[in-house]
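Just so you know, these numbers come straight off a predicted model, no measurement behind them. For reference, positions follow the sequence shown, starting with 1.
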Amino acid sequence: MSRRPLHTWERIAADIVYECRIFSLRRDRSRFSRDEREHEFHVLESPDWCNIIPLTHDEQVVMVRQFRHGLRGYTLEVPGGLIDPGEEPLVAARREMVEESGYDAERVEPLGVIHPNPAIQSNRCHSFVAFDVEHRHVPSFDSTEETEVVLVPLTRIPDLMRSGEIIHALVVVAFHWLALRGRA
């Protein structure tokens, strides 16, 4: 299969239009090399995210149910969140697991890294799995979150995705990676 060379985009200007704690909106002015026309693009800049699939010794997934303002409703997810500046993704994932669920583990392994929406976002999501998790801590929430911990048999996860109970795309991707490893 022969591919023609792709033309490139040169960013000629960029400015921040809006900024808050979890993201900023950047407006780019870019020139297309094929015809030299200029176009405006908007990009959501955010720190990288992480999520983690906590598995108990008996193959229960420690999940969290929480209110999501984008949906104005509750979702069933695995723990996850923003990676703090200078924080390693694995450390952030383990921190999020402890904060949101109270569970912790010694063995945590990476599953993969994905760009949630490269058309308009600059960040990545790092997914992990934790094995033989145990309840060791009291969950600690920031001022805008509270979660309900739910234990779900790993074998039920595909059915929960099919039924629409698990709808968070990044959670679905994490479970897909876990399935590719021969689990779930």
Side-chain angles (χ1 to χ4, degrees), residues 1-53 63-101 108-129 139-147 161 164-178 180:
M1 177 168 142
S2 174
R3 295 189 328 179
R4 64 178 176 79
L6 296 174
H7 296 275
T8 59
W9 290 91
E10 175 191 3
R11 185 167 60 194
I12 54 178
D15 61 298
I16 300 299
V17 176
Y18 176 79
E19 200 166 15
C20 68
R21 183 180 71 82
I22 59 172
F23 71 88
S24 61
L25 177 62
R26 186 185 77 225
R27 177 179 40 222
D28 289 350
R29 190 94 188 136
S30 296
R31 182 180 302 123
F32 193 36
S33 65
R34 181 178 58 202
D35 57 19
E36 296 297 313
R37 287 188 297 166
E38 293 182 9
H39 300 272
E40 189 173 277
F41 298 94
H42 291 85
V43 176
L44 289 172
E45 292 184 331
S46 177
D48 281 0
W49 303 326
C50 63
N51 64 20
I52 186 166
I53 300 172
M63 301 191 76
V64 292
R65 188 176 314 280
Q66 61 185 318
F67 187 82
R68 292 301 193 180
H69 292 272
L71 295 175
R72 302 290 314 148
Y74 289 88
T75 61
L76 184 61
E77 306 176 9
V78 295
L82 292 173
I83 298 173
D84 292 335
E87 188 177 33
E88 290 297 317
L90 186 145
V91 171
R94 190 170 175 194
R95 173 183 51 77
E96 289 288 342
M97 177 175 61
V98 170
E99 288 176 0
E100 293 182 5
S101 73
V108 178
E109 296 178 5
L111 290 172
V113 180
I114 192 166
H115 290 268
N117 187 349
I120 62 167
Q121 290 175 243
S122 62
N123 68 329
R124 300 169 299 172
C125 182
H126 303 256
S127 294
F128 297 88
V129 58
S140 61
F141 310 110
D142 68 26
S143 63
T144 62
E145 68 181 357
E146 180 179 5
T147 62
M161 288 189 286
E165 181 75 16
I166 296 174
I167 59 169
H168 193 305
L170 299 175
V171 173
V172 171
V173 168
F175 279 118
H176 177 71
W177 277 327
L178 186 63
L180 290 174

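- Comment: E88 does not engage R95 in a salt bridge, judged by the lack of any side-chain N to carboxylate O separation of less than 4.0 angstrom.
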Let me see the working for R94 and E87 under salt bridge (Lys or Arg N to Asp or Glu O under 4.0 Å), right down to the final yes or no.
-> CA-CA 11 Å; R94 190 170 175 194; E87 188 177 33; over 6 Å; no

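- Residues forming a side-chain contact (heavy atoms from CB on, under 4.5 Å) with S140 (at least two apart in sequence, or on another chain): E99.
- Contact detail for P89 and C50: the closest heavy-atom pair is O-CB, 4.2 Å.
- For the side-chain hydrogen bond (donor to acceptor under 3.5 Å, both in side chains) test, residues two or more places apart in sequence or in another chain that qualify with R72 are H69.
- Partners of S127 by side-chain hydrogen bond (donor to acceptor under 3.5 Å, both in side chains), not counting sequence neighbours, listed by chain and number: N51.
- Among the candidates V78, I52, V108, L178, the single residue satisfying the side chain to side chain contact (heavy atoms under 4.5 Å, CB included) test with V129 is L178.
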Expected list for residues 36-49: side-chain donor-acceptor pairs under 3.5 angstrom, two or more places apart:
from	atom 1	to	atom 2	distance (Å)
R37	NE	D35	OD2	2.7
R37	NH2	D35	OD2	3.0
E38	OE1	R29	NE	3.4
E38	OE2	R31	NH2	3.4
E45	OE1	S24	OG	3.3
E45	OE2	R26	NH1	2.4
S46	OG	I22	O	3.0
S46	OG	W49	NE1	3.3
D48	OD1	R124	N	2.9
D48	OD2	R124	NE	3.0
D48	OD2	R124	NH2	2.8
D48	OD2	H126	NE2	3.0

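- No more than 12 heavy-atom neighbours from other residues, nucleotides or ligands sit within 6.0 angstrom of NE2 on H176.
- The salt bridge (Lys or Arg N to Asp or Glu O under 4.0 Å) check on R27 picks up D15, with sequence neighbours excluded.
- At least one side-chain heavy atom of L6 sits less than 4.5 Å from a side-chain heavy atom of R4.
- Annotation: side chain of W177 is in contact with side chain of I114 (closest heavy-atom distance under 4.5 Å).
- Although no hydrogens or angles enter the test, the distance criterion places no donor-acceptor pair under 3.5 Å between the side chain of T147 and the main chain of Q66.
- Annotation: Y74, atom OH; neighbour count of heavy atoms from other residues, nucleotides and ligands within 6.0 Å does not exceed 12.
- Taking T75 as the reference, E77 meet the side-chain hydrogen bond (donor to acceptor under 3.5 Å, both in side chains) condition, with sequence neighbours excluded.
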